[in-house]
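Worksheet: the structure to be examined is printed underneath.
Start at 1 with the first residue, then count along the sequence.
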Amino acid sequence: GEEAPRRHAQAFRRGLLVNLTNPKSAMMWAAVATFMIGAGLTPWQVMAFAPIGFASAFAVYGSYAVLFSSAPARRAYGRFAKVFEGVFAAAFGVLGGQLLVSGIREAGR
């Protein structure tokens, strides 16, 4: 009845608040903006990217929310969560290591 829409609205507000206050998100967008300015884009072009970034993030995270609001998806993820987390941890570890090695090489030049 009326309880479900209220819970959905509360969950949406909570998720939005978590994402808007996530310092990692702010740092990522700052890095993207720095890259874009360094690539020769004007400040207006960089600013125009914000609505595009917002729309794509809303679509991706909205899709996650819809997908993981189903019980079968939550159960499946729960079964394989450690595998997913391990694969992503390894991938980010490799990428971070490559960035570190690249930075050390660049500093030595």
Within residues 10-26 or reaching into it, pairs that qualify as salt bridge (Lys or Arg N to Asp or Glu O under 4.0 Å) - sequence neighbours excluded: none

All pairs passing salt bridge (Lys or Arg N to Asp or Glu O under 4.0 Å) where residues 99-109 contributes a residue, at least two apart: Glu106-Arg109

Pairs touching residues 62-81 that satisfy ring-ring contact (aromatic ring centres under 6.0 Å, His included), sequence neighbours left out: Tyr61-Tyr64, Phe68-Tyr77, Tyr77-Phe84

Nonpolar side-chain network containing Val101, other nodes, edges under 4.5 Å: none

Qualifying salt bridge (Lys or Arg N to Asp or Glu O under 4.0 Å) pairs, either residue in residues 76-100, two or more places apart: none

Partner set under side-chain contact (heavy atoms from CB on, under 4.5 Å) for Ser63, not counting sequence neighbours: none

For Ser102, all residues meeting side chain to side chain donor-acceptor pair (under 3.5 Å), sequence neighbours excluded: none

Please set out all donor-acceptor pairs under 3.5 angstrom arising from side-chain atoms of residues 41-51, sequence neighbours excluded.
| residue | atom | partner | partner atom | Å |
| --- | --- | --- | --- | --- |
| Thr42 | OG1 | Gln45 | N | 3.1 |
| Thr42 | OG1 | Gln45 | OE1 | 3.4 |
| Gln45 | OE1 | Thr42 | N | 2.8 |

Contacts of Phe12 that satisfy side-chain contact (heavy atoms from CB on, under 4.5 Å) - sequence neighbours left out: Leu16, Phe58

Remaining members of the apolar cluster that contains Leu100, side-chain heavy atoms under 4.5 Å: Ile104

Summary of salt bridge (Lys or Arg N to Asp or Glu O under 4.0 Å) pairs that have at least one residue in residues 51-64, sequence neighbours excluded: none

side-chain contact (heavy atoms from CB on, under 4.5 Å) against Ala71, all qualifying residues, sequence neighbours excluded: Arg74, Arg75

